[in-house]
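First up is the structure itself, then whatever we jot down about it.
FYI, the numbering just counts along the sequence from 1. Order of appearance sets the numbers: ligands from 1, and atoms from 1 within every ligand.
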Amino acid sequence: MIQWQQEFKNSLRTPNDINAFFGTDLKDIEYNSFIPKSFAQKIKEAGPQSSLWKQFIPAQQENEQIDGMYDPIGDTTHAKAKQLIHRYKNRALFLPTTVCPIICRYCFRKNELTFKDDLFKADFQNTIQYLKDHPEIEEIIFSGGDPLILSDEKLREYLEAFANVGIKCIRFHSRVPIIIPSRLNENFIQLINEFSSKFQTITLVTHLNHSEEISTEVEAVITKLKKETNLLLLSQSVLLKDVNDNSDTLADLFWAIHKIGIRPYYLHHPDLVKGGMHFHLDLETGRKIFLQLRDKIPGWLIPHYILDIPGGHGKTPAFNPESLEFSGTLIDRYNKIHRYKNMQ
Ligand SMILES: *Cc1c(COP(=O)(O)O)cnc(C)c1O
Ligand code: SF4
């Protein structure tokens with residue numbers, strides 16, 4: 001077995017495993033647990049106050065939450081062919097797996113993934129037929145689950161098939177670069193390079209929420225990818241209560257992301273997900289934090305702060321607009337209000 005697959009297999013999978021490794025006292029947790037031991041070691045070293053611990057160690061508060069939704073971003077409203085969500089005209093999400101390299105306790109798909117909803121049932125012929133019938137789809141976004149948990153052989157099969165139906169761009173949304181960086185090995189680089197002439201761009205959007213997640217291995221692997229492939233390297237982060245909910249922590253994070261050669265793309269307002277509501281914060285708090293970023297980091301380092309409207313209505317800027325009508329005032333980065341007059 002390849003090294004990264006061994007790392008993946010050697011994991012803590014139950015509250016008991018976690019209690020034994022971390023000395024915690026977790027009882028039954030309604031949601032699945034999964035932490036590779038190699039990463040568990042990093043969590044342990046970082047300690048109970050760290051962003052790693054808070055994001056990945058289950059909490060008793062997950063159980064029996066009354067607030068929050070099963071499917072907060074409305075995946076099922078736009079589920080088309082099995083494993084495909086087509087919400088925006090020219091691009092679609094492809095969900096090839098329910099498996100992740102770790103289970104993030106705030107996960108927006110935690111219910112669907114735990115109960116392995118129909119959304120994830122494979123019917124690749126159906127997927128390909130849908131793409132043939134919808135030539136307006138130009139980009140396939142591998143999401144999940146985590147697509148980079150698939151073998152290179154499986155990824156190659158998918159990429160071949162998407163190239164054959166004329167897909168122009170490929171994107172992977174993944175937490176693997178942070179959790180199992182060894183997965184992005186020579187063979188993976190070869191695979192990407194093999195397909196780089198078949199697509200206009202191949203993008204890797206790495207999911208990370210705190211600068212503590214960037215280990216020296218992560219840095220080394222990303223640096224190598226940057227040097228040896230022409231992947232477009234972006235990041236996405238979720239604003240999380242008690243993890244990164246202040247502008248200094250976020251400024252730190254975005255600098256750290258830049259330092260390893262990635263460009264911050266999205267900052268997600270946390271979704272209203274059942275089982276993850278203890279990470280939630282209100283929009284006013286999020287906006288105040290985001291506002292302060294403009295004084296702390298340059299504009300080109302500020303990601304889009306977005307919110308997925310519950311019910312499948314898609315992404316919208318979390319700061320602002322609430323309507324196309326203009327109120328007549330603008331606020332500056334210190335929350336001071338200024339009049340502004342439209343000129344015809
Ligand atoms: C977020 C998302 C995308 C990607 O949107 P971009 O604005 O291109 O990043 C595509 N499809 C669905 C269903 C999504 O939720
Ligand atoms: S990697 Fe993504 S899909 Fe998987 S548990 Fe974390 S947030 Fe959820």
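- Comparing R87, H173, K315 by heavy-atom distance to atom 3 (C) of ligand 1, the nearest is K315.
- Considering backbone and side-chain atoms alike, Y88 places every N or O at 3.5 Å or more from each N or O of ligand 1.
- If you number the atoms of ligand 1 from 1 as listed, the ones under 4.0 Å from a heavy atom of I85 come out as 13 (C).
- Proximity of H86 to ligand 1 is not established, as no heavy-atom distance is less than 4.0 Å.
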Self-check item: Full working for side-chain contact (heavy atoms from CB on, under 4.5 Å) between R183 and F8
Solution: CA-CA 9 Å; R183 196 264 170 263; F8 173 72; over 6 Å; no

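- Below 4.0 Å from some heavy atom of I102 lie the following atoms of ligand 2, by number and element: 5 (S).
- Checked by atom type and distance alone, the side chain of R109 pairs as donor or acceptor with a backbone atom of G144 at under 3.5 Å.
- Selection from F108, Y266, F94 by nearest heavy atom to atom 7 (O) of ligand 1 gives Y266.
- The protein non-hydrogen atom at the shortest distance from atom 8 (Fe) of ligand 2 is C107 SG, 2.3 Å.
- Every atom of ligand 1 with a heavy atom of Y265 under 4.0 Å away is listed here by number and element: 6 (P), 7 (O), 8 (O), 9 (O).
- Summary of contacts: the protein heavy atom closest to atom 8 (O) of ligand 1 is R91 NE, 2.5 Å.
- Using a 4.0 Å cut-off between charged nitrogen and carboxylate oxygen, E217 and K42 count as a salt-bridge pair.
- The I141 neighbourhood of ligand 1 comprises atoms 3 (C), 4 (C), 10 (C), with distances under 4.0 Å to a heavy atom of that residue.
- Aromatic ring orientation, F142 versus F172: tilted (interplanar angle from 30° to 60°).
- Under 4.0 angstrom from ligand 1, there are no non-hydrogen atoms of E139.
- Aromatic ring orientation, F319 versus F290: tilted (interplanar angle from 30° to 60°).
- In this structure, the ring of H280 has its center less than 6.0 angstrom from the ring center of H269.
- For atom 12 (C) of ligand 1, the closest non-hydrogen atom on the protein side is L93 CG, 3.5 Å.
- Not a single N or O atom of D308, backbone or side chain, sits closer than 3.5 Å to an N or O atom of ligand 1.
- Protein heavy atom closest to atom 6 (Fe) of ligand 2, with residue, atom name and distance, is C104 SG, 2.4 Å.
- The side-chain hydrogen bond (donor to acceptor under 3.5 Å, both in side chains) test with R105 singles out one residue from E62, Q61, Q55, and that residue is E62.
- Taking the centre of each ring, Y158 and F94 come in below the 6.0 Å mark.
- At least one N or O atom of R171 sits closer than 3.5 Å to an N or O atom of ligand 1.
- Here the protein heavy atom with the shortest distance to atom 4 (Fe) of ligand 2 is C100 SG, 2.3 Å.
- Proximity of H207 to ligand 2, defined as any heavy-atom pair under 4.0 Å, is confined to the side chain (atoms from C-beta onward).
- With hydrogens and angles left out, the side-chain atoms of T24 and N19 include a donor and acceptor closer than 3.5 Å.
- In the vicinity of R175, heavy-atom distances shorter than 4.0 Å reach the ligand 2 atoms 1 (S).
- K224 has a carboxylate O that lies under 4.0 Å from a charged side-chain N of E186, or vice versa, which qualifies the two as a salt bridge.
- No donor-acceptor contact under 3.5 angstrom links the side chains of Y265 and H304, judged on distance only.
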